[in-house]
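Proteins come first, then strands; the chains are lettered A, B, ... in the order of their sequence lines, and each starts at number 1.
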Amino acid sequence: MNQPVKNGVMVYAEQKNGIIHPVSFELLGKGRELADKLNVELWSVLLGYHVRGEAETLIHYGADRVFLYDDPMLEVFDVVKYKHVLVGLIRETDPQLFLIGATPLGRSLAPRVAAALNTGLTADCIDIQIDDKGEIVQIRPAFTGNIIAHIKTRSRPVMATVRYRVMKPLPRDTSRKGEVVEKHPPTLQDTGLRVLGEVSTRSVNLAEAEIIVSGGRGLKRREDLNMLKELASLLGGVVGVSRPLVDDGWISKDHQVGFSGNTVKPKLYIACGISGSPQHIAGMRDSEVIVAINIDRSAPIFRIADYGIVGDLYEVVPRLIEALKRLKRVE
Amino acid sequence: MNNGLHMIVLIKQVPDIGKVKFNVEEGRIDRSSAPLETNPFDLNALETAIQLKEQIGGYVTVVSMGPPQADSSLRDALARGADRAILLTDKLFAGADTLATSYTLATAIRKIGSFNLIICGEKTVDGDTGQVGPEVAEHLNIPHVAYVCEIRSATLDKLLVVSDMGDKYLVEVKLPALITVTKDINTPRLPTLRNVLKAKKASIEVWNADSLAGYGELCRFGLQGSMTTVFKIVFPSEEGRKGLIFHGGDAVEKLVEVLRGRRFIG
Ligand SMILES: Cc1cc2nc3c(=O)[nH]c(=O)nc-3n(C[C@H](O)[C@H](O)[C@H](O)COP(=O)(O)OP(=O)(O)OC[C@H]3O[C@@H](n4cnc5c(N)ncnc54)[C@H](O)[C@@H]3O)c2cc1C
Ligand SMILES: Nc1ncnc2c1ncn2[C@@H]1O[C@H](COP(=O)(O)O)[C@@H](O)[C@H]1O
């Protein structure tokens, strides 16, 4: 391949222990579509150590060119080092659009890069489009999910973090060809940061769950969560909760759904004894099917539910469990 | 200024999200419809600073950029234990996106001069980006740790913190630095009545754009310094939701039928 044409679309490939975060494949899918519309190349940038093997994977998912920085210095995520590398690469290649997954890592890294380049950054986008003027439009929820804002950026590159599981990756195509460009990070002195290790790994990954059975303050005792666990496991899902249950120490924050917890997008979300506050809805609004079980017909959760049962969860949930068990026995 | 950590806490006044009204027809947010409060996560940031002050000594400056009424959030912060409060207010600051906001805050921090630690909330309930903190750190060329949910130890030259990135990491950071904290780090205390009364009379320093000249470029403030523009607001639609409510004795059976039909069961 010849010299890279300027102004490509660039996707940041997030990895941990050499495993690419799936949001990066989703961004390559979206990036491919945008690059084709803009008639430019799709680039990806991968930072880490012993990650060389994954560069090809990024090509299989749609990248034309992968800028690879494989260096012991980049083994653990140091936001200042990673920022230096990306700022250097962006200055050199001048992409017109730079996309990063809106993961905790992405949301910590992207603003530093944007500020260093004095460019605009849009957080947590749920869509990116090209309008009829050929301009990039970034679409994101704001005000705790109460509004959806359409945003344009007047500086270059346009930068956005993009929510996990809203865009579709292309199917992996191992015959796709592209170029891996080996790069070397600048030598960086002490950044002031030292990652000493992982303290704990999350107990459940709600963001990836297909079925979630959630409980809220309608539950009277901590033990009653077991009922929801049973329902969840019969459905092949996991348990989520509203924030008060986490605040009361009933269950770890890994299970919290909402504005200050996890944003989830399961195929099925069953809310039991949850009123549907804006902060809760902000985290589960995009679930494919929403079922609400609440004793109060006027609870806001019913406004976004596909199916609802107005009733006492202490009657409804055990009967649901019974019905599911019966069905399992029949099979 | 006494010995110990000099901490700067960045707080924003926001509308109470539960009460704010949205004009769906005109695509407008009616900010005057809701009472104002301090961004809830920023109270965790302030509490973090006060606890550090109690542990190892120090001095807490709160800074907020916003309209004149943000004064009340700063008074509340003084009542909760902050020592000094600065309000950045000027028409020139208005219309700022996160880049311009962070630049303005960083410029004010340069004017404040020496500091050891800047503490921000995880995100605001209105802007909802979590970008301002890391951007301030970049403008000031200091390291940052985001999503801090625990401080394991603190000295005058470094912190040992747990950063909640989904999985949790132990990170040591040399000061001066910036951290953004999650709500899990602490439970903010309430101000005592005595301190509320005292804070009512306290003086809040008000800085305008001119007073920052010499510490930054005026053209990077407010609308002029903003690179992003919101050109349209729409409301998330619940169209397509069935909204089928089942009542009565066979509600569970009906729901089970639906779940079977959609292949969640069996
Ligand atoms: C900055 C900020 C961030 C926040 N982040 C989050 C977040 O991430 N996630 C989150 O969930 N919340 C969050 N909150 C809290 C949020 O505002 C609500 O307080 C919370 O979501 C309410 O939880 P709930 O629905 O379980 O409780 P409630 O609002 O008390 O509702 C309980 C519901 O249970 C029903 N009920 C009672 N008994 C029964 C029964 N026997 N059978 C059936 N139904 C019954 C009631 O009718 C009621 O509707 C946040 C708040 C703030 C200020
Ligand atoms: N106008 C402001 N004045 C002071 N601090 C702010 C302001 N805006 C944001 N912050 C700080 O930056 C954090 C993240 O804000 P945001 O990027 O808007 O989500 C907040 O929790 C505050 O600590």
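- Checked by atom type and distance alone, the side chain of B/Asp167 pairs as donor or acceptor with a backbone atom of A/Arg202 at under 3.5 Å.
- Contact check for B/Thr228 versus A/Leu121: no side-chain heavy atoms found under the 4.5 Å cut-off.
- Contacts of B/Arg152 with chain A are made by side-chain atoms alone, with heavy-atom separations under 4.5 Å and no backbone atom involved.
- Cation-pi geometry between B/Lys123 and A/Phe259 is met: the NZ or CZ atom falls under 6.0 Å from the ring centre, inside 45° of the normal.
- Interface remark: B/Ile233 contributes backbone and side-chain atoms alike to the contact with chain A (heavy atom separation under 4.5 Å).
- At a 4.5 Å heavy-atom cutoff, the contact between B/Phe231 and chain A is made by backbone and side-chain atoms alike.
- In this structure, the side chains of B/Met227 and A/Asn118 come closer than 4.5 Å at one or more pairs of heavy atoms.
- Only the side chain of B/Ile265 comes within less than 4.5 Å of a heavy atom in chain A; its backbone stays farther off.
- Chain B forms more heavy-atom pairs under 4.5 Å with one residue of A/Lys267, A/Gln138, A/Gln279 than with any other, namely A/Lys267.
- Of the two parts of B/Tyr103, neither the backbone nor the side chain holds a non-hydrogen atom closer than 4.5 Å to a non-hydrogen atom of chain A.
- By the 4.5 Å heavy-atom criterion applied to side chains, B/Leu99 and A/Thr119 are not counted as neighbours.
- Per-residue heavy-atom pair counts under 4.5 Å with chain B were compared for A/Leu327, A/Val310, A/Val80, A/Leu235, and the maximum is reached by A/Leu327.
- Contacts of B/Val173 with chain A are made by both backbone and side-chain atoms, with heavy-atom separations under 4.5 Å.
- In this structure the side chain of B/Phe22 reaches within 4.5 angstrom of the side chain of A/Phe143, judged on heavy atoms.
- Expressed to the nearest 0.5 Å, how far CZ of B/Phe264 lies from CD1 of A/Ile211 amounts to 6.0 Å.
- Heavy-atom distances place both the backbone and the side chain of B/Ala251 under 4.5 Å from chain A.
- Of all the listed residues (A/Ala207, A/Gly145, A/Ala115), the one sharing the greatest number of non-hydrogen pairs under 4.5 Å with chain B is A/Ala115.
- When side chains are defined from C-beta on, B/Arg262 does not count as touching A/Leu268, because their heavy atoms never get closer than 4.5 Å.
- Contacts between B/Leu175 and chain A at a heavy-atom distance below 4.5 Å are absent for every atom of the residue.
- Contact count against chain A (heavy-atom pairs under 4.5 Å) is highest for B/Arg260 among B/Arg260, B/Lys254, B/Lys158.
- There is no contact between B/Pro40 and chain A, counting heavy-atom distances below 4.5 Å.
- Proximity to chain A (any heavy atom under 4.5 Å) is restricted, for B/Thr124, to the backbone atoms N, CA, C and O.
- A donor-acceptor pair under 3.5 Å is absent between the side-chain atoms of B/Arg241 and the main chain of A/Phe302, judged by distance alone.
- In this structure, chain A has a heavy atom under 4.5 Å from the backbone of B/Ser226, while its side chain stays farther away.
- The backbone N or O of B/Gly243 lies less than 3.5 Å from no partner atom in the side chain of A/Arg303, so there is not a single donor-acceptor pair.
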